[in-house]
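Beneath this line is the structure, given in C-alpha cells, with notes to follow.
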Amino acid sequence: QVQLVETGGGLVQAGGSLRLSCVGSGRTISNYAMAWFRQAPGKEREFVAAITRSAINTYYAESVKGRFTISRDNDKNMVYLQMDSVKPDDTAVYYCAATTSYHSTYLPLSRRYDYWGQGTQVTVSS
C-alpha cells in the first residue's frame with residue numbers, strides 16, 4: 001500500500017506559477033511510475049503528466065506541454081508538478097497517482113493507476 005498526499009494548491013492569477021507536491025508513505029515510490037491527473041467541475045478526470053520510475057522519461061498532455069514540468073525525488077518519496085503560465089482552464093482538483101505499469105502507452109490511462117491521493121484544489125483567476 002502506498003498513501004499519497006498532495007499539497008501546494010491554491011488561488012493563482014492567470015500567467016502565474018504554482019508548485020504542487022505529492023509525498024508518498026507506506027512504500028517507496030521508486031517502485032512506481034507517478035502521474036498527475038486533474039478533474040474540473042462537471043468534467044471527467046484527465047491526464048496531466050507522468051514520470052517513469054527513474055525519471056528518465058516524462059509525458060505530458062498537449063494542453064500543458066511547455067508550461068508544466070513533472071519531477072520526482074525518490075530519496076524523499078516526493079513527486080512535483082511545476083505549473084507555469086497557468087490559465088483559467090487549468091482550474092481543477094489535481095490528483096497524484098502511482099502505478100506499477102511501465103509501458104508509456106498505459107501511463108495516461110487513469111484506470112492503470114493503483115493508488116491515488118485525495119487531491120488539491122487549484123484555482124486560476126483571469
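By the side-chain contact (heavy atoms from CB on, under 4.5 Å) test, Q118 pairs with V5, E6, sequence neighbours left out. Partners of S104 under the side chain to side chain donor-acceptor pair (under 3.5 Å) rule, at least two apart in sequence or in another chain, do not exist in this structure. Qualifying side chain to side chain donor-acceptor pair (under 3.5 Å) partners for K65, counting only residues two or more places apart in sequence or in other chains: E62. Under the rule for a salt bridge (charged side-chain N to carboxylate O under 4.0 Å, His left out), the partners of R67 that lie at least two apart in sequence or sit in another chain are D90. Every residue was checked against the side chain to side chain donor-acceptor pair (under 3.5 Å) condition with S21, not counting sequence neighbours, and none meets it. Residues satisfying the ring-ring contact (aromatic ring centres under 6.0 Å, His included) criterion with Y102, sequence neighbours excluded, are absent altogether. When the side chain to side chain donor-acceptor pair (under 3.5 Å) test is applied to S30, the partners found at least two apart in sequence or on another chain are T28.
Scanning both residues, Q82 and S17, for their nearest heavy atoms gives NE2-CB, 3.9 Å. Shown here for A92 and A40, the closest heavy-atom pair between the two residues is CB-N, 3.8 Å.
If you take CG on N31 and OG1 on T99, they are separated by 12.0 Å, rounding to the nearest 0.5 Å. In this structure, S25 OG and N77 CG are separated by 8.0 Å, a value rounded to the nearest 0.5 Å.
Judged purely by atom type and a 3.5 angstrom limit, R72 uses its side chain to pair as donor or acceptor with the backbone of T52.
Under a 4.5 Å side-chain heavy-atom cut-off, the cluster of Ile, Leu, Val, Met, Phe, Trp and Tyr residues that includes V93 is completed by F37, F47, Y59, Y95, L107, Y113, W116. Clustering of Ile, Leu, Val, Met, Phe, Trp and Tyr by side-chain heavy atoms under 4.5 Å joins V64 with V2, L4, V12, L18, L20, I29, Y32, M34, W36, V48, I51, Y60, F68, I70, V79, L81, M83, V86, Y94, Y115, V122, V124.
Among pairs with a residue in residues 42-56, those fulfilling salt bridge (Lys or Arg N to Asp or Glu O under 4.0 Å) read R38-E46, at least two apart in sequence or across chains. Screening residues 94-116 for salt bridge (Lys or Arg N to Asp or Glu O under 4.0 Å), with sequence neighbours left out, gives no hits. Applying the disulfide bond (SG atoms under 2.5 Å apart) test to pairs two or more places apart or on separate chains, those with a residue in residues 72-124 are C22-C96.
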Open item on the list: Applying side chain to side chain contact (heavy atoms under 4.5 Å, CB included) to Q121 and T91, what does each step give before you reach the verdict?
Closed with: CA-CA 8 Å; Q121 175 71 46; T91 295; 4.0 Å; yes
